[in-house]
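What follows is a short report on a single structure.
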Number of protein chains: 2
Amino acid sequence: MKLTSGVEQAACIIVMLSTQAADIPVTSDVISERLGVSPSYLKKIMRKLVVGGLIKSVPGVNGGFILAKTPASIPIIDLVDAIEGNEPIFQSTGLVRKAFGDIDVAEKGVLKFENIVNEAQEAFRAKLSNMTVEKFLQETIDTNEIQVKDWNQISDEDND
Amino acid sequence: MKLTSGVEQAACIIVMLSTQAADIPVTSDVISERLGVSPSYLKKIMRKLVVGGLIKSVPGVNGGFILAKTPASIPIIDLVDAIEGNEPIFQSTGLVRKAFGDIDVAEKGVLKFENIVNEAQEAFRAKLSNMTVEKFLQETIDTNEIQVKDWNQISDEDND
DNA sequence: TCTATTATGGATAAAAGATATCCACTATCT
DNA sequence: AGATAGTGGATATCTTTTATCCATAATAGA
């Protein structure tokens with residue numbers, strides 16, 4: 001019952017791309033240096049975000065990654081889903097049947113238990129669906145005007 | 001973002017103890033055989049449930065484990081907490097500071113993000129607090145009368 | 001069209017956490 | 001005192017996550 005650290009990495013990536021000057025892709029090397037992970041590993045994370053539909057990749061010279069949609073239309077849950085998938089948090093391994101036998105009441109119990117946890121998970125997801133990247137950024141910087149910059153032009157030493 | 005399989009094991013254990021004749025402890029060997037795990041491993045799980053306050057251990061001859069409270073006063077969340085702990089599902093590893101520098105806005109962002117996820121987790125926990133072991137059992141067996149038995153007297157072959 | 005640049009994908013290694021077991025020890029009941 | 005049952009430490013195994021390298025594919029620009 002932990003989110004993987006990939007979620008924090010993804011959050012940083014999305015924040016960078018959300019504050020990136022429009023139409024200028026950020027290269028994965030720039031991001032990997034800033035996050036302190038290897039270029040090749042970072043690309044795996046980027047790929048998950050591409051597959052998840054949060055960002056787009058631009059190959060070739062002056063390529064890199066850009067947001068696939070506006071920060072206003074990216075709920076936080078999408079970020080979690082992209083990195084972790086959205087499988088049920090609980091799925092029976094068949095233990096109940098092993099312990100109590102392959103009988104109706106056991107089967108019903110398994111389904112009921114899975115259902116209870118699923119509903120809790122849905123409540124969790126609903127909360128993270130209500131918060132968008134834009135709202136999160138605006139509340140963090142205390143203004144509705146999100147400044148953009150070109151991260152490709154900023155060295156690792158300069159901060160902010 | 002997965003519950004460990006220990007939760008399913010714990011659920012089976014609590015169901016057994018909830019249908020156990022009052023004041024007759026069930027030995028861990030009986031439970032371990034039924035769940036198909038080694039006696040020593042099962043005892044680790046039992047211990048977590050003891051520490052979590054769900055069950056009580058009775059050492060010595062004719063000892064074993066009994067529920068520490070009625071099924072009506074055990075919410076499902078207690079079971080999850082006992083096995084998994086109840087740490088925040090998301091905690092920053094310090095990556096944000098590394099990426100964006102040790103500045104106020106970064107610090108604020110980390111706190112805000114942790115907060116968002118914490119609230120989602122609370123929604124999850126609230127759902128699992130509303131369902132008790134008793135309610136779960138009653139809805140599973142379709143009656144309010146929960147039959148008790150002595151699991152120590154039932155071989156692994158007999159089912160239910 | 002050629003070349004430099006950038007992302008993609010497969011193979012694989014290292015680290016961490018979950019799962020599992022053994023055994024020596026302690027506590028209790030009869 | 002002796003048998004029974006839980007406790008706790010050490011440790012092994014498995015799975016997942018984290019991470020890296022390198023060969024390949026795709027694109028932009030000269």
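Throughout, a chain's letter reflects where its sequence line sits, starting with A, and its residues are numbered from 1. Everything numeric here is computed off the predicted structure, so don't read it as measured data.
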Original post:
Which side chain to side chain donor-acceptor pair (under 3.5 Å) pairs, counting each pair once, include a residue from residues 52-63 of chain A, with sequence neighbours left out?
Top reply: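 Passing the test, one end in residues 52-63 of chain A: no pairs.
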Subject >> Within residues 41-50 of chain A or reaching into it, pairs that qualify as side chain to side chain donor-acceptor pair (under 3.5 Å) - sequence neighbours excluded >> reply: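 Residue pairs with at least one partner in residues 41-50 of chain A: there are none.
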**OP:** Pull out every residue in residues 3-10 of chain A that has a heavy atom closer than 4.0 Å to any atom of DNA chain C, ordered by number, or say none.
**Re:** none
Can you name the residues that form a side-chain hydrogen bond (donor to acceptor under 3.5 Å, both in side chains) with [X], not counting sequence neighbours?
X: A:Ser5; answer: none
X: B:Ser32; answer: none
X: B:Ser40; answer: B:Ser38

Starting from [atom2] on [N], measure out to [atom1] on [X] and report it in whole angstrom.
X: A:Ile83; N: D:dT16; atom1: CD1; atom2: P; answer: 18 Å
X: A:Glu33; N: D:dA19; atom1: CD; atom2: C1'; answer: 18 Å
X: B:Glu84; N: C:dT19; atom1: CD; atom2: C1'; answer: 13 Å
X: A:Leu35; N: D:dT20; atom1: CG; atom2: P; answer: 12 Å
X: A:Asn62; N: C:dA7; atom1: CG; atom2: C1'; answer: 14 Å
X: A:Leu95; N: C:dA18; atom1: CG; atom2: C1'; answer: 15 Å
X: B:Asp23; N: C:dC29; atom1: CG; atom2: P; answer: 14 Å
X: B:Asp29; N: C:dT21; atom1: CG; atom2: P; answer: 13 Å

Subject >> Check: B:Gln9 side chain, B:Ile45 main-chain N or O, donor-acceptor pair, under 3.5 Å >> reply: no
**OP:** Taking B:Asp150 for its side chain and B:Gln20 for its backbone only, find out whether a donor-acceptor pair lies under 3.5 Å.
**Re:**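 No.
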Original post:
Could you go step by step and tell me if A:Val15 and A:Leu137 meet the side chain to side chain contact (heavy atoms under 4.5 Å, CB included) rule?
Top reply: CA-CA 8 Å; A:Val15 165; A:Leu137 278 174; 4.1 Å; yes
Original post:
Given that A:Val61 and A:Gly36 both sit by DNA chain D, which one's nearest nucleotide is further toward the 5' end?
Top reply: A:Gly36
**OP:** Answer yes or no: does a side-chain N or O of A:Thr27 lie under 4.0 Å from OP1 or OP2 of C:dT6?
**Re:** no
**OP:** Check whether any side-chain nitrogen or oxygen of B:Ser57 sits under 4.0 Å from OP1 or OP2 of D:dT7, and answer yes or no.
**Re:**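 Indeed, a polar side-chain atom of B:Ser57 lies that close.
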Under 3.5 Å donor-acceptor pairs involving side-chain atoms of residues 103-112 of chain B, not counting sequence neighbours:
{"unit_1": "B:Glu107", "atom_1": "OE1", "unit_2": "B:Arg97", "atom_2": "NE", "d": "3.1"}
{"unit_1": "B:Glu107", "atom_1": "OE1", "unit_2": "B:Arg97", "atom_2": "NH2", "d": "3.4"}
{"unit_1": "B:Lys108", "atom_1": "NZ", "unit_2": "A:Asp142", "atom_2": "OD2", "d": "2.6"}
{"unit_1": "B:Lys112", "atom_1": "NZ", "unit_2": "A:Glu139", "atom_2": "OE1", "d": "2.5"}

Side-chain donor-acceptor pairs of residues 78-85 of chain A under 3.5 Å, sequence neighbours excluded:
{"unit_1": "A:Asp81", "atom_1": "OD1", "unit_2": "A:Arg125", "atom_2": "NH1", "d": "2.9"}
{"unit_1": "A:Asp81", "atom_1": "OD2", "unit_2": "A:Arg125", "atom_2": "NH2", "d": "2.7"}
{"unit_1": "A:Glu84", "atom_1": "OE1", "unit_2": "B:Met1", "atom_2": "N", "d": "3.1"}
{"unit_1": "A:Glu84", "atom_1": "OE2", "unit_2": "A:Thr4", "atom_2": "N", "d": "2.5"}
{"unit_1": "A:Glu84", "atom_1": "OE2", "unit_2": "A:Thr4", "atom_2": "OG1", "d": "2.9"}

Original post:
Reckon B:Gly63 touches a base, only the sugar-phosphate, or nothing at all at heavy-atom distances under 4.0 Å?
Top reply: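 Sugar-phosphate contact only.
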**OP:** Go through residues 37-56 of chain A and report each residue with a non-hydrogen atom lying under 4.0 Å from DNA chain D, sorted by number.
**Re:** A:Val37, A:Ser38, A:Ser40, A:Tyr41, A:Lys44
Original post:
So how far off straight is the helix from C:dT1-D:dA30 to C:dT30-D:dA1, going by the axes through five pairs at either end, to 10°?
Top reply: 20°
**OP:** Under the side chain to side chain contact (heavy atoms under 4.5 Å, CB included) rule, collect the residues that match up with A:Pro88, sequence neighbours excluded.
**Re:** A:Gln91, A:Asn118, A:Gln121
Original post:
What residues form a ring pair (Phe, Tyr, Trp, His ring centres under 6.0 Å) with A:Phe113, not counting sequence neighbours?
Top reply: A:Phe90, B:Phe136
